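We're numbering straight along the sequence, starting at 1. Worth saying up front: this structure is predicted, and the values here are computed from it rather than measured. For the numbers below, each heavy atom of this structure counts, side chains included, while hydrogens, waters and symmetry mates do not.
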Amino acid sequence: MAFLQPENLASRSDVPERLHVVARHLRDHLPDEVTVWLERTGDGEAAALRREFDGPHSSEDDSDCFLVVLDPEAGIAVVQALSRRQIKASRRRRSRLEAGAAHRLVSERVTHLGGSVADVPVESLPVTHVLALPETSREHTADIDSGLPMLSRDDFEPDALRPALQRAIGGRILPLGRAEQARTRAVVKPEIVIIGKTTAMFREPDAASEEVIRTLDREQERTARHLGPGYRVIRGVAGSGKTLVLTHRARHIARHFSDWRILLMCFNRPLASALRAQVAECRNVTVRTIDQQAHRVLEQAELVGEAKAKPDFEQRRRDAADYVRDLTEAERRAWGYDMVLVDEAQDLGADGLDLAWVLLKPGRDHFVIALDGAQRIYRGNRRWNPPGTTAQGRTKVFDVNYRNTDEVLEEALLALGDAVQRGDARDLGDDLDVFVMPRQAARRGPLPVRLACGSMLAEADAIAEQVARLRDGGAAPEHIAVLSGWQDLRKEVLRRVPDTVEVKGKQRDKVADAVGIVTVATLQMLKGLEYRHVVIGGANHIWVESDEPAEQDRLRRRLLYVAMTRASETLTVTYSGQGIMDVISNLPEMPSARS
């Protein structure tokens, strides 16, 4: 089945029936490698979004619809489905098809795409305007003078459709490779290109060159652009692109709803800094951590008390949510947001998610959360959903890991062990602990290195030697992160490794843009970010707050999983004494994540 964007293209009520027929044929009779986009003339896309989010009364719309079809074995077809009136009039006159405004706009789209794909590294990638007449026989299409290739009813037969489409485009070419398809998709939809300086967070790690265009994959693109209104949940494994989808969703909505106020939230400040860079051009998008937002609410309410050594953040979130609830409807409408998106939602807990929810304007329910149950490392309630709503039927699952290699993913899963609740995320969508098992990693790489050491000081020496080897091998300092769950070890690393900085205090807001330094941090500090090379120290000495032994083991395993899945290329783990790494080292080899 061809990959439709949006997925319900063949049944949408705001798409003409004649295009439904064409979309169903394309969906049912073309292979998955073919991508089909719905496009609209004029301001049709913005009007369609308004209807979807605000109802059919929200805007007038005189636009028309057409399809853009990418067949990686042929090129691009911009497919226009003629109305019965157009077909009858043209056949009756036996004269040239009357173009009309929609026809001219589609022709302009063809011309624009044809010029843009000249940059795609393919000898000749055709872009062709094709007319679709799925209910008209080939004999009767001969009466239509269009000057364009046409697909008749006979061409829409299951075995005939792809050859007919390829002939209409210009014939088969060498199949586009993965990178060429990404570049071509970027031509069709430039907004899916991953931009910004925060490449450590959003890089496609196996790119052979920084000149390779990096884009959302097709599933990520479809989710970011067509997720739908209301409460939505994105569950995904580490490195599956949840954060990418949220930032692109924020940009997509901000672009078409310039009068909306959009809030993008997360738990930690390094991730917030990276998110802020990705939506910098969107003036109506605000990025804050949950505790920055709670502090802002209480500050405006003049309820912030004197600074304490360690504030009760959970109580602050509850107090902030209570304050917002007590505002009048007019105050909440002036003060609130039209859409709220939350990344790393499993870390906010019920109190944080309650606060995020009440920040919506009255009558708004456009609330999107992205989470991974395996990365829940903070205390708090394990279940949450908005009042009167469930995630059942509202959950999107991403189970392909793009960040890590198979080898890194396998090591991380060994570390995680049974510290998570495994289940079907579609059935248990309100549980923040449910773990989505990765279906596969995107590629292979070197085996992780385990270094058994005699002491913590020996671990610090081993880490310094490994960082030196990485740098001698050409790794830039900013592509290396050293993570540890033990403060004394981080201090020793800072003494031994040149060009290091520990991520704490104000450094948390700058880590995403750091250049020329090796990042040193706790195991959880860099959640949501990624580095080409990760070195984890003190893996058998991870400090956690819990006093209960079983819970301590679960937290340590989750922390190791979080830290290991930051690595996009190489992973090194040092350990001394007794602990998790001894257990892992004695386990039998784990089957590949691809199997």
Side-chain angles (χ1 to χ4, degrees), residues 194-205 214 216 220 223-224 233-251 263-280 285 287-293 340-349 352-353 356 368-378 398 401-404 408-409 412 416 432 435-436 438 478-479 481 483 503-504 507-514 519-532 534 536 558-568:
I194 299 167
I195 62 171
K197 296 180 180 179
T198 55
T199 54
M201 176 179 174
F202 297 101
R203 180 181 58 251
E204 183 176 89
R214 300 177 295 275
L216 301 181
Q220 293 165 349
T223 302
V233 178
I234 301 171
R235 285 191 176 274
V237 301
S240 60
K242 302 181 297 297
T243 299
L244 281 173
V245 169
L246 281 191
T247 54
H248 280 71
R249 183 67 174 165
R251 286 161 52 191
L263 179 62
L264 179 56
M265 302 182 72
C266 63
F267 184 82
N268 66 20
R269 285 165 59 179
L271 178 56
S273 175
L275 295 175
R276 202 169 286 117
Q278 286 295 302
V279 297
V285 178
V287 179
R288 292 196 183 103
T289 70
I290 184 63
D291 292 311
Q292 287 172 338
Q293 183 64 48
V340 175
L341 306 100
V342 181
D343 197 12
E344 301 287 352
Q346 75 281 347
D347 288 339
L348 272 63
L353 289 170
V368 184
I369 65 174
L371 65 142
D372 174 13
Q375 297 188 65
R376 193 183 73 83
I377 57 175
Y378 300 102
F398 293 159
N401 180 309
Y402 290 101
R403 176 190 301 141
N404 307 129
V408 168
L409 179 58
L416 187 62
L432 304 182
F435 172 55
V436 178
E478 62 267 22
H479 294 160
L483 308 179
V503 181
K504 61 181 182 179
Q507 291 293 341
R508 291 178 291 174
D509 299 322
K510 302 176 182 178
V511 63
D513 296 320
T519 299
V520 178
T522 63
L523 297 176
Q524 67 269 34
M525 180 60 69
L526 303 182
K527 286 189 67 177
L529 306 183
E530 71 179 45
Y531 289 79
R532 292 183 181 177
V534 171
I536 297 174
R558 287 172 185 256
L559 283 166
L560 268 180
Y561 177 81
V562 167
M564 288 177 175
T565 53
R566 300 312 96 204
S568 65

Test applied, side chain to side chain contact (heavy atoms under 4.5 Å, CB included); reference residue, Ile369; option that passes from Val342, Leu341, Val340, Leu246: Val342
Gap separating the CE atom of Met265 from the CD1 atom of Ile290, nearest 0.5 angstrom: 3.5 Å
Leu264 CG to Thr243 OG1 distance, which is reported to the nearest 0.5 Å: 9.0 Å
Between CZ on residue Arg288 and SG on residue Cys266, distance to nearest 0.5 Å: 12.0 Å
Side chain to side chain, Arg269 and Met525, heavy atoms closer than 4.5 Å: no
Distance, nearest 0.5 Å, that separates NE2 of His248 from CD1 of Ile194: 6.0 Å
With Phe398 via ring-ring contact (aromatic ring centres under 6.0 Å, His included) - residues at least two apart: none
From Asp372 atom CG to Arg558 atom CZ, the distance as rounded to the nearest 0.5 Å: 9.5 Å
Stepwise side chain to side chain contact (heavy atoms under 4.5 Å, CB included) check, Asp347 with Gln524: CA-CA 11 Å; Asp347 288 339; Gln524 67 269 34; over 6 Å; no
Side chain to side chain contact (heavy atoms under 4.5 Å, CB included) evaluation trace for Val368 with Ile234: CA-CA 8 Å; Val368 184; Ile234 301 171; 4.1 Å; yes
Atom pair CG/CZ of Leu526 and Arg566 - distance to nearest 0.5 Å: 8.0 Å
Which residues share a salt bridge (charged side-chain N to carboxylate O under 4.0 Å, His left out) with Lys242, sequence neighbours left out: none
Test side chain to side chain donor-acceptor pair (under 3.5 Å) applied to Arg276 - qualifying residues, sequence neighbours left out: none
